[in-house]
Amino acid sequence: MHLARFPRRRYTPYWTPIEPMPFLSAALGGPELWIKRDDMLGLASGGNKTRKLEFLVADALAQGADTLITVGAVQSNHCRLTLAAARREGLECQLVLEERVPGSYSADASGNNLLFRLLGAERVEVVPGGGDLAATMQGLANDLAAQGRTAYVIPGGGSNALGALGYVACADEVLAQTFDLSLALDHVVVSSGSGGTHAGLVAGFHAAQAGLPVTGISVRAERVAQETKIRALADDALRLAGAAPGVPSEAVVVDDAYVGPGYSLPTDAMAEAVRLFARHEGILLDPVYTGKTAAGLIGLVRQGRFEPGERVLFVHTGGSPALYAYQDDVLAGAHGG
Ligand SMILES: *Cc1c(COP(=O)(O)O)cnc(C)c1O
């Protein structure tokens, strides 16, 4: 597997840091906790979609596209970063926003929605939850084709095999970086949503025979459905990269106990996790993804799932702009905590 053979744009001119979290580790009294700062990736406010877009946008440019079209929830980090990548490349960008929680779209909401307006999406279509998103995006692409333009459609979260290569590359980065740090990791904990991040890491560690277990904390789907999706996507990414597929089922582990009432809906455990990371380590999480994923990490530590001397890496996938759209939820009960 040699990823340099794939066309790739560069949006982050460095490896994101891997840092210890000594105060959070002490507060929880469990294993040694470390963090991979993918919230410090390039493009407007960073986050995991930047790694996927390096491969996806290179493909769009190779195909002669002048416009990127993608889809996400009403506070989508992926839409914000796709739009930022389009601006960096001199492309236009159109967004389909899925109102997964009825009534949740507001044209003048803050957070990522503010950034859609600031970065200047050419067109925004809001569709009800469960609508046919692929058909809506294809409709926009057809409108552009009728005007002689060329659209490139990126699936939700950038999570196809090509986008997942961004996290196959991240797995290599983590292995090289931890070798350099002499940091022998025992476990990785990451968010599992549209799946490209979790699947890419599993694929990359599998191809490297790293023997490094990954737990994906679901932010939306139920465990069995998510594990099936992640395993298929990991194998697709390996095939695309020219490596042998065959990720074993035991390498794909999803914990769905931290979703709460549903995607993007706040939980007490999320709010606690956001506050613990802020107050012990000065690190900003987000309410939709990393707050629930960190709640999963904290829950696993409290359940005694790791030995005291073990080293656990939490992958921070970004998302902090959404804090400004959910401020009451992350501050709820904050005075005591
Ligand atoms: C999209 C996103 C995730 C989930 O990543 P997937 O590859 O979609 O599973 C996690 N954290 C943040 C901040 C995100 O925007």
Side-chain angles (χ1 to χ4, degrees), residues 35-36 38-39 47-49 52 71-78 98 100-101 104 129-130 133 155-160 163-164 167 170-171 187-203 205 212-237 247-274 277 285-303 305-306 312-319 322 326 329-330:
I35 187 165
K36 173 72 169 159
D38 270 13
D39 56 319
N48 62 343
K49 304 313 180 305
K52 305 177 189 184
V71 62
V74 296
Q75 279 291 334
S76 169
N77 300 302
H78 167 67
E98 183 192 17
R100 293 179 188 170
V101 177
S104 58
L133 305 171
S159 285
N160 55 16
Y167 272 86
C170 180
H187 211 102
V188 174
V189 174
V190 68
S191 193
S192 200
S194 67
T197 305
H198 183 188
L201 287 176
V202 166
F205 292 141
L212 183 52
V214 178
T215 297
I217 307 295
S218 178
V219 296
R220 189 179 189 192
E222 161 284 318
R223 180 179 67 82
V224 174
Q226 188 72 3
E227 286 178 347
T228 305
K229 177 168 91 170
I230 297 298
R231 193 170 170 204
L233 184 54
D235 276 348
D236 286 348
V247 169
S249 58
E250 57 280 11
V252 179
V253 176
V254 170
D255 187 336
D256 63 4
Y258 300 90
V259 178
Y263 173 82
S264 81
L265 297 173
T267 64
D268 290 345
M270 174 280 290
E272 184 202 16
V274 170
F277 272 65
L285 301 179
D286 81 284
V288 179
Y289 295 97
T290 55
K292 287 184 179 175
T293 306
L297 171 74
I298 292 164
L300 293 173
V301 169
R302 287 178 177 157
Q303 288 161 35
R305 290 277 286 279
F306 307 113
V312 179
L313 183 71
F314 175 79
V315 181
H316 188 162
T317 45
Y326 292 87
D329 299 320
V330 292

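Atom CZ in Phe277 sits 11.0 Å away from atom CD in Glu272 (nearest 0.5 Å). With rounding to the nearest 0.5 Å, the separation of OG in Ser159 from CG in Asn48 is 8.0 Å. Atoms OH and CG, from Tyr289 and Asn77 in turn, are 6.5 Å apart once rounded to the nearest 0.5 Å. The distance from the CZ atom of Arg302 to the CG atom of Leu297 is 10.0 Å, given to the nearest 0.5 Å. Interatomic distance, CD1 of Ile230 versus CG of Asp235, reported as 12.0 Å (0.5 Å rounding). In this structure, CG on Asp38 lies 8.0 Å from OG1 on Thr317, to the nearest 0.5 angstrom.
Distance alone, capped at 3.5 Å, places no donor-acceptor pair between the Lys292 side chain and the Tyr258 backbone. A side-chain donor-acceptor contact under 3.5 Å links Lys52 to the backbone of Gly157. Under a 3.5 Å cut-off, the side chain of Asp256 and the backbone N or O of Glu222 do not form any donor-acceptor pair.
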Notebook entry, point to check: After noting the C-alpha distance and the side-chain angles of Ser218 and Gln226, does the key distance pass the side-chain hydrogen bond (donor to acceptor under 3.5 Å, both in side chains) rule?
Noted result: CA-CA 8 Å; Ser218 178; Gln226 188 72 3; 5.0 Å; no
Next item on the list: List the steps, then state whether side chain to side chain contact (heavy atoms under 4.5 Å, CB included) holds for Val190 with Tyr167.
Entry: CA-CA 11 Å; Val190 68; Tyr167 272 86; over 6 Å; no
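Minimum heavy-atom separation, Ala273 to Ala295: CB-N, 3.6 Å. Closest approach of Gly260 and Thr267 over heavy atoms only: CA-CG2, 3.6 Å. Residue Ser192 comes nearest to His198 through the heavy atom pair OG-ND1, 2.9 Å, listed as atom of the first residue, atom of the second, then distance. Taking all atoms of both residues into account, the shortest heavy-atom contact from Asn160 to Leu233 is C-CD1, 3.7 Å. Ser264 approaches Val101 most closely through the heavy-atom pair OG-CG2, 3.6 Å. Scanning both residues, Ala164 and Ala237, for their nearest heavy atoms gives CB-CB, 4.1 Å.
A heavy-atom distance below 4.5 Å is found between the side chains of Ser249 and Arg231. In this structure the side chain of Leu201 reaches within 4.5 angstrom of the side chain of Cys170, judged on heavy atoms. Contact of the Asp329 side chain with the Pro287 side chain is not registered, since no non-hydrogen atoms from C-beta on lie closer than 4.5 Å. For the pair Val74/Arg100, no side-chain contact is recorded, criterion being any heavy-atom separation below 4.5 Å from C-beta on. Side-chain contact check for Val288 versus Gln75: every heavy-atom pair is 4.5 Å or farther apart.
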